[in-house]
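Atoms considered below: every heavy atom in the structure, side chains included; atoms not considered: hydrogens, waters and symmetry mates.
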Amino acid sequence: MDTELDMGKYGVSSSRSKKKAGSQASGWNVEDNSTATLISDFKRLNIDKERLERYADEAGDARYASKINTKKLRESSISKTLANIDLSMQVDLCFVLDCTGSMGRHIAAAKDCILQVVNYMERTNPSIKLWVGFCGYRDHCDSSKRIQIFNFTNSYSQFKRYISNEVPATGGGDEPEDVLGGLNAAVNNMNWRHTTRVLLHVGDAPPHGRRFTSLSDSYPHGDPNGLTAESVLGKMKSANIIYYFGKITDKTDKMLRVFSSIIGEFPVFELSTIGGDPNALINKFFKATCTAIASSVSLTSTMEKGAKGVYMQQKKKLEMDPNQPKWHTLPVETGKVSYYRLPESLSDIKNPDYFTNKSNLINQNFSYKRAPKPFSVGAERYAYYALNVTNGASDKNVMKEYLDVGKKANSIERYLETVEVSTVAHFLSLKFNSAAERVDIHRKVKFLKVQLLRKTSGSDTRCYTVERLFNGAEFKRFNVNSGVITEFHSTLEAFAHFTYEHTGGYLVVYDLQGIELEDKFLLTDPAVHCTDSLRFGRTNLGKKGIEKCFLANHKCSSVCQKLGLTPRS
């Protein structure tokens with residue numbers, strides 16, 4: 001049983017119990033100055049006022065913090081975001097392949113997977129429009145056959161015919177190949193026209209030059225035409241072309257390290273196959289291609305006006321450490337955690353005052369150890385390994401901290417909003433699971449409990465969110481706030497549909513991510529699109545977001561039908 005998801009952990013459900021919890025279960029005994037500071041900060045907090053100020057600031061004009069003016073700013077910001085999302089759905093996809101003799105199976109896989117990719121996208125993401133192209137490369141000794149280009153087309157049958165008839169696996173001299181020449185041709189000679197630009201590079205050999213390889217090399221000093229990784233990848237960055245690599249052998253490892261030092265980390269797909277099973281290879285190619293498309297659309301849709309595209313300069317980030325620390329070497333720290341009582345009704349969910357009313361928060365002491373360095377960083381937050389040692393416990397947790405600096409970005413109010421989203425999602429998952437069980441749908445949807453943690457040291461208070469650490473399963477993003485489905489699951493799409501219908505069209509819970517287990521999905525960090533644009537943060541795209549990012553894409557499955565949901569197609 002997932003105790004962190006139990007109703008009692010979210011708070012009691014009767015008004016009589018609430019009164020008792022409010023007077024006895026707060027866990028706020030004034031035992032030291034830091035606790036007194038936390039209580040004082042919390043008492044002064046005006047959640048509604050600070051939220052309006054932050055929304056106005058995020059929309060670009062902090063002078064207007066009234067509800068009317070902030071709502072106008074939010075609606076304008078949402079319209080711009082949705083326009084970016086619309087543009088991001090237009091995709092140029094270029095396969096860049098090593099076409100020498102060892103690559104026959106991978107050339108065939110690119111050909112054979114394309115129609116599967118197109119059909120899958122049409123079923124799951126009908127808003128995405130795809131143009132596909134090809135750039136093949138060999139080696140300098142192959143003269144006129146060194147580079148082959150088939151420019152972007154939305155005729156997938158033409159693409160398949162070209163690969164079948166015009167792209168033999170032949171040529172090559174020494175072990176390194178003309179990788180830089182192939183990438184340079186793809187960047188400069190292809191007709192890139194659309195907003196989302198995806199380059200999926202597949203090869204089993206590195207470029208020429210000791211910088212990339214210790215293999216036998218006819219050009220140990222590098223590309224004989226003077227190309228460098230910096231010049232080629234620099235042009236790729238300036239053109240906002242998003243790079244992915246399909247790895248076949250370890251011979252390209254050094255190349256990947258050099259490339260990532262120039263453009264930052266990028267996804268690498270494993271495309272080797274044991275025993276040469278062609279169907280297994282096609283399946284890997286298919287999954288890699290679909291992932292690259294969906295990820296690129298999501299990334300491109302978040303580009304803001306004036307930003308330097310998808311390779312925009314990142315703010316300085318902390319050094320990462322992916323390993324869990326030796327917990328016995330770390331000191332115990334103390335703070336206070338806060339979380340909302342579980343709402344009793346849909347009316348509570350729809351009422352923003354429920355979540356700005358501090359009496360609906362439970363506050364408790366919290367003892368923990370935290371890794372000194374984050375193990376991961378996303379678009380908005382660092383993630384640290386943590387150990388909950390409250391009352392002798394030893395539970396592995398994750399603490400998350402926003403990257404932004406400044407009062408509004410890292411305010412208590414912003415973290416409380418994250419807890420609010422989690423509470424709403426949890427409430428609706430309980431309703432969904434109950435409805436699903438009545439019609440013999442036994443796969444559940446559950447959300448991790450998220451709490452606000454505040455740690456005070458002197459006059460400085462730092463905020464985090466705290467949740468349980470996922471263990472033993474692959475973390476996945478199943479769908480995205482913009483409406484893109486990255487991995488289709490009928491239960492999850494039905495859950496989103498249920499949240500829309502159960503709330504009478506008031507909201508949709510989406511951006512579902514977490515782990516898939518045999519009997520349930522265990523999720524975290526959802527987003528909420530809501531008709532009230534002054535709730536749920538900047539990932540809430542309002543009524544238009546519900547329509548364009550969910551309803552326009554959703555196709556009902558048998559799960560929706562069993563639940564009796566209104567058909568959407």
Side-chain angles (χ1 to χ4, degrees), residues 85 88-97 105-134 152-157 159-160 163 186 194-203 241-248 266-273 277-302 310 474-493 496 510-516 521 549-550 552-555 557:
I85 288 173
S88 74
M89 298 294 177
Q90 312 294 308
V91 180
D92 288 335
L93 167 66
C94 179
F95 291 101
V96 176
L97 264 69
R105 292 186 301 114
H106 292 82
I107 296 170
K111 172 198 70 175
D112 291 336
C113 88
I114 191 62
L115 292 182
Q116 292 183 36
V117 169
V118 171
N119 290 334
Y120 179 79
M121 286 294 162
E122 287 178 348
R123 289 196 313 272
T124 60
N125 294 289
S127 297
I128 293 178
K129 307 303 177 188
L130 189 63
W131 286 260
V132 61
F134 178 85
F152 294 109
T153 180
N154 58 1
S155 173
Y156 312 115
S157 58
F159 175 88
K160 188 172 181 179
I163 303 297
H194 298 101
T195 301
T196 299
R197 302 174 176 188
V198 184
L199 190 157
L200 178 53
H201 173 202
V202 181
I241 299 168
I242 306 173
Y243 181 76
Y244 300 85
F245 185 72
K247 179 180 174 180
I248 302 170
F266 51 84
V268 176
F269 302 111
E270 180 60 56
L271 294 183
S272 62
T273 55
D277 182 352
N279 291 325
L281 179 57
I282 291 170
N283 188 48
K284 285 188 173 186
F285 229 107
F286 165 78
K287 288 182 177 179
T289 305
C290 291
T291 299
I293 294 168
S295 299
S296 298
V297 169
S298 299
L299 182 60
T300 306
S301 70
T302 63
V310 294
E474 179 187 0
F475 187 91
K476 298 178 180 179
R477 197 165 191 178
F478 302 106
N479 53 44
V480 183
N481 198 43
S482 62
V484 174
I485 297 171
T486 53
E487 184 172 308
F488 179 83
H489 290 276
S490 56
T491 300
L492 294 180
E493 298 306 316
Y510 215 58
D511 204 2
L512 303 178
Q513 53 195 308
I515 61 175
E516 178 186 3
F521 294 93
C549 300
F550 176 68
N553 244 14
H554 180 70
K555 293 182 179 179
S557 67

Indicate yes or no for a side-chain donor-acceptor contact from [X] to the backbone of [Y] under 3.5 Å, with no hydrogens or angles considered.
X: Thr300; Y: Val297; result: no
X: Thr486; Y: Phe478; result: yes
X: Asp92; Y: Trp131; result: no
X: Thr196; Y: Ser88; result: yes
X: Asn479; Y: Leu512; result: yes
X: Lys284; Y: Ser272; result: yes

> Excluding sequence neighbours, so at least two apart, what forms salt bridge (charged side-chain N to carboxylate O under 4.0 Å, His left out) with Lys476?
Replying inline: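 With neighbours one apart ignored, the set is Glu487, Glu516.
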Could you tell me if the side chain of [Y] sits less than 4.5 Å from the side chain of [X], heavy atoms only?
X: Phe269; Y: Lys247; answer: no
X: Thr491; Y: Phe521; answer: yes
X: Val202; Y: Ile248; answer: yes
X: Leu130; Y: Asn154; answer: no
X: Cys94; Y: Leu200; answer: no
X: Leu271; Y: Phe285; answer: yes
X: Gln513; Y: Asp511; answer: yes
X: Thr289; Y: Tyr244; answer: no

Check [X] against [Y] and note the closest heavy-atom contact, atom names and distance.
X: Gly133; Y: Phe152; value: N-CD2, 3.5 Å
X: Cys549; Y: Ile85; value: SG-CD1, 4.1 Å
X: Ile485; Y: Thr124; value: CD1-O, 3.3 Å
X: Pro126; Y: Ala552; value: CG-O, 4.5 Å

> Any idea how Phe550 and Tyr510 line up, ring-wise: parallel (<30°), tilted (30 to 60°), or perpendicular (>60°)?
Replying inline: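 Rings of Phe550 and Tyr510: perpendicular, over 60°.
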> Are Phe488 and Tyr120 close enough that their ring centers fall under 6.0 Å?
Replying inline: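 No; Tyr120 has its ring centre 6.0 Å or more from that of Phe488.
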> Can you check whether Phe95 and Phe134 have ring centres sitting under 6.0 Å from each other?
Replying inline: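 Ring centres of Phe134 and Phe95 not closer than 6.0 Å.
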>> I'd like to check the side chain to side chain contact (heavy atoms under 4.5 Å, CB included) partners of Lys160; sequence neighbours left out, ordered by chain and number.
In response: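 Per chain and number, Lys160 pairs via side chain to side chain contact (heavy atoms under 4.5 Å, CB included) with Lys111, Asp112, Leu115, Ser164.
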> What residues, two or more places apart in sequence or in another chain, satisfy side chain to side chain donor-acceptor pair (under 3.5 Å) together with Ser127?
Replying inline: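 Ser127 satisfies side chain to side chain donor-acceptor pair (under 3.5 Å) with Asn553 only.
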